[in-house]
Amino acid sequence: MCATLLFFSGMTHPAENVAVASAFSQNVKTTNLIDLSQQQFEHIQSYQVLLRSSSPQDESKVIRYSYRKPGFVRMDFTRPHPGAVLTYNPVSRKVKLWPFGLGTFPVLNLSPTDSLIQDDHGHRVDQSDIGVLLSNIRRLQHDGTTVTVGEETLAGRATLHLSVTGPKGVSVDDVNRYEIWLDKSHGLPAKVVSYDRQGKLLETVLMDAMVINIQFPADFFTP
């Protein structure tokens with residue numbers, strides 16, 4: 001869908017991604033798939049993905065999301081606020097926001113807890129990566145239920161669809177149930193749909209054009 005998304009970035013040898021896919025495929029029948037996905041995340045150092053999210057309350061969002069351990073984040077916005085760029089530095093624990101694009105004024109220096117950069121559910125940029133998502137899902141699995149719905153094709157990708165529901169009255173980050181589609185090529189989420197304790201739809205997130213273990217330019221997260 002976005003073949004030119006990473007034309008400026010170096011990538012690791014394709015053999016590394018093949019090894020990741022092989023490890024996931026060999027264990028899907030014997031392991032908690034969320035645990036296995038967490039293990040896949042632990043073995044990668046960086047990724048970039050095109051996020052497409054929507055919710056009943058908010059307008060849809062399209063964001064190129066970049067992540068490098070131990071927690072560097074960069075978001076390049078297409079919708080809303082076209083051209084806006086946001087970065088998070090885990091060393092300084094500060095967020096920089098260029099509302100009108102890099103190299104333009106103003107440049108805002110913010111805390112990740114600032115309401116200006118949180119959504120209606122209180123989601124924070126310093127807690128926005130796939131690892132945090134998988135940890136939240138794993139917490140709901142404890143004393144909850146996990147159903148393997150089955151294999152499904154999602155936008156041409158082979159995925160495994162899981163449904164995870166927490167115990168009655170229990171929620172994590174306002175969520176009681178997740179529908180998750182894990183991409184069989186790398187074991188990480190390709191789509192996530194979340195619901196609250198009343199069964200109300202909270203958010204749908206699609207993760208397209210994921211590339212794992214990117215060698216970002218040195219100043220990519222600190223422009």
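Please read all numbers here as calculations on a predicted model, not as lab measurements. Start at 1 with the first residue, then count along the sequence.
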To the nearest 0.5 Å, atom OG of Ser55 lies from atom CD of Glu203 at 6.0 Å
Output all residues satisfying side chain to side chain contact (heavy atoms under 4.5 Å, CB included) with Pro106, sequence neighbours left out; order by chain, then residue number. Pro99, Phe100, Leu108
Val205 and Ser53 have their tightest heavy-atom pair at CG2-CB, 3.9 Å
Which residues pass the side chain to side chain donor-acceptor pair (under 3.5 Å) test with Ser66, sequence neighbours left out? Gln48
Those residues at least two apart in sequence (or on a different chain) that pass side chain to side chain donor-acceptor pair (under 3.5 Å) with Thr146 are Gln141
So, is the end of the Arg74 side chain (NZ or CZ) under 6.0 Å from the ring centre of Phe220 and within 45° of the ring's axis? yes
Which atom names give the shortest non-hydrogen contact between Pro167 and Asp143, and what distance separates them? CG-O, 3.3 Å
So, using salt bridge (Lys or Arg N to Asp or Glu O under 4.0 Å) as the criterion, who are the partners of Lys61 when residues are at least two apart? Asp58
Considering non-hydrogen atoms only, spot the tightest contact between Leu140 and Asn176 and give its length. CD1-O, 3.6 Å
Within the structure provided, determine whether His186 and Met210 are in side-chain contact (heavy-atom separation under 4.5 Å). yes
Under the salt bridge (Lys or Arg N to Asp or Glu O under 4.0 Å) test, residues paired with Arg157 that sit two or more places apart: Asp183, Asp208
I'd like to know whether Val95 forms a side chain to side chain contact (heavy atoms under 4.5 Å, CB included) with Val73, so could you lay out the CA-CA distance, the side-chain angles of the two residues, the decisive distance to 0.1 Å, and finally the verdict. CA-CA 9 Å; Val95 174; Val73 174; over 6 Å; no
Nearest heavy-atom approach of Val132 to Gln127 is CG1-O, 3.5 Å
Relative to each other, are the rings of Phe72 and Phe221 parallel, tilted or perpendicular (30° and 60° limits)? tilted
Quick one: list whatever passes salt bridge (Lys or Arg N to Asp or Glu O under 4.0 Å) with Glu179, sequence neighbours left out. Arg177
If you look only at pairs with a residue in residues 148-183, which of them pass as a ring-ring contact (aromatic ring centres under 6.0 Å, His included), with sequence neighbours excluded? His161-Trp181
Strictly by side chain to side chain donor-acceptor pair (under 3.5 Å), give each pair with a member in residues 77-94 just once, sequence neighbours left out. Ser60-Arg79
Only counting residues at least two apart or in another chain, list the ones meeting side chain to side chain donor-acceptor pair (under 3.5 Å) with Ser111. Thr113
For Tyr195, enumerate each residue passing the side chain to side chain donor-acceptor pair (under 3.5 Å) test, keeping only those at least two apart in sequence or located in another chain. none
Side-chain heavy atoms under 4.5 angstrom apart, residues restricted to Ile, Leu, Val, Met, Phe, Trp, Tyr: same cluster for Tyr67 and Val125? yes
Should side-chain heavy atoms under 4.5 Å link Ile, Leu, Val, Met, Phe, Trp and Tyr, which residues sit in the same cluster as Val147? none
Salt bridge (Lys or Arg N to Asp or Glu O under 4.0 Å) involving Asp126 - partner list, sequence neighbours excluded: Arg124
Is there a path of hydrophobic side-chain contacts, each under 4.5 Å between heavy atoms of I/L/V/M/F/W/Y residues, joining Tyr65 to Ile130? yes
